[in-house]
Amino acid sequence: MEDPVVNTRGLRWSTYLIAFGITALIFATAFYVSNYFNNQRVVDVRNTEDSMSTDILSLETQFDLLTEHSCGDIAENTILPSELTSLGSQLSYLEAQGSGNQQEVESLKSLYSVLEIKDYLLMQQLATKCNLKPVFILYFYSNQGDCSDCEKQGYALTSLSETYPQLRVYSFDYNLNVGALQTLISIDDVDDNLPALVINGKVYYGFKSVDDIQKILPQLSTLQKSATSTAATSTKK
């Protein structure tokens, strides 16, 4: 006759092994699914990036064409294609995940930064030529764990951009090793005391709320609010 203690131990070990196997399977499945979607997101961003080479050439050609026309054909929202905004949103998601192909993400961020600077310079040229008054904010952040207020600052700027679609917010990773970006940082004399905002040529350090920025940048009042913001204001009245 078999020892009941041995049977109990054997059953216990079998239960442990089955539980371990199920747990391992769940974790493996979750990891695979998470990795799959992250990789798919990288693919989506890469596809967007591929289209950007054509878009940037289009921007340069567009500017050349606009210089041949009267300033009546030019408006503050002439530049900054929707694809650039889309790329920025997808990159923000990838950065927040903190996983996936980081080398790929860094490469995409580098391209995105150059495209932002290009748009910024083109818009400045148009503003000078046609006496436009676009409203810019240059935002410098770090995601290396040394900027406790950077995420909060990003939310505040996103809120402003949603309220004022014509506001041009350019976001840059301060630590990104891109020549054009480092030159911009040097020209604006931005220290690594982040978050940092460059508004009307002046650098502001530390977190700035929506109200703070509206006080610093009274030109916002000249911009048209989004339809959603207008509707919300009307509802409150």
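If you're wondering where the values come from, they're calculated on a predicted model, not measured in any experiment. Note that the numbering runs from 1 along the sequence shown for the chain.
A distance of 8.5 Å separates OH of Tyr204 from CG of Leu217, quoted to the nearest 0.5 Å. Note that NZ of Lys208 and CD1 of Ile216 are 6.0 Å apart. Values are rounded to the nearest 0.5 Å. For the atom pair CG of Asp188 and NZ of Lys202, the computed distance is 14.0 Å after rounding to the nearest 0.5 Å. Between atom CD1 of residue Ile137 and atom CD1 of residue Ile213 there is a gap of 5.0 Å, rounded to the nearest 0.5 Å. The distance from atom CZ of Phe207 to atom CG of Leu197, rounded to the nearest 0.5 Å, is 9.5 Å. Here the CG atom belonging to Asp119 is positioned 10.5 Å from the CD atom belonging to Gln124, to the nearest 0.5 angstrom.
The shortest distance between side-chain heavy atoms of Leu160 and Gln214 falls below 4.5 Å. At a threshold of 4.5 Å between non-hydrogen side-chain atoms, the residues Tyr141 and Ser171 count as touching.
With sequence neighbours excluded, the residues forming a side chain to side chain contact (heavy atoms under 4.5 Å, CB included) with Leu176 are Glu106, Lys109, Ser110, Ser113, Asp173, Val178, Leu181, listed by chain and number. With sequence neighbours excluded, no residue forms a salt bridge (Lys or Arg N to Asp or Glu O under 4.0 Å) with Asp146. Not counting sequence neighbours, the partners of Lys152 by the salt bridge (Lys or Arg N to Asp or Glu O under 4.0 Å) test are Asp149.
The two atoms that bring Ala196 and Val190 nearest to each other are CB-CG1, 3.9 Å, heavy atoms only. Counting all heavy atoms, side chain and backbone alike, Tyr205 lies closest to Asp189 at OH-O, 3.6 Å. Between Leu220 and Tyr164, the shortest heavy-atom distance links the atoms O-CE2, 3.4 Å. Of all heavy-atom pairs between Arg168 and Met123, the closest is NE-CG, 3.7 Å. Smallest separation of non-hydrogen atoms from Leu194 and Cys150: CB-SG, 4.3 Å. Looking at every heavy atom in both residues, Leu167 comes nearest to Ser161 through CD2-N, 4.4 Å.
A distance-only check finds a donor-acceptor pair linking the side chain of Thr183 to the backbone of Gly179 [under 3.5 Å]. Side-chain N or O atoms of Tyr139 include none that pairs as donor or acceptor with a backbone N or O of Gln153 at under 3.5 Å. In terms of modelled atom types and a separation under 3.5 Å, the side chain of Ser159 and the main chain of Tyr155 share no donor-acceptor contact.
Ring pair Phe136/Tyr120 is perpendicular by interplanar angle, where above 60° counts as perpendicular and below 30° as parallel.
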Report task. Could you give me the CA-CA distance, side-chain angles and deciding distance for Val198 and Phe140, then say whether side chain to side chain contact (heavy atoms under 4.5 Å, CB included) is met? Result -> CA-CA 8 Å; Val198 178; Phe140 297 91; 3.7 Å; yes
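Around the CD atom of Gln182, the shell of radius 6.0 Å holds more than 12 heavy atoms that belong to other residues, nucleotides or ligands.
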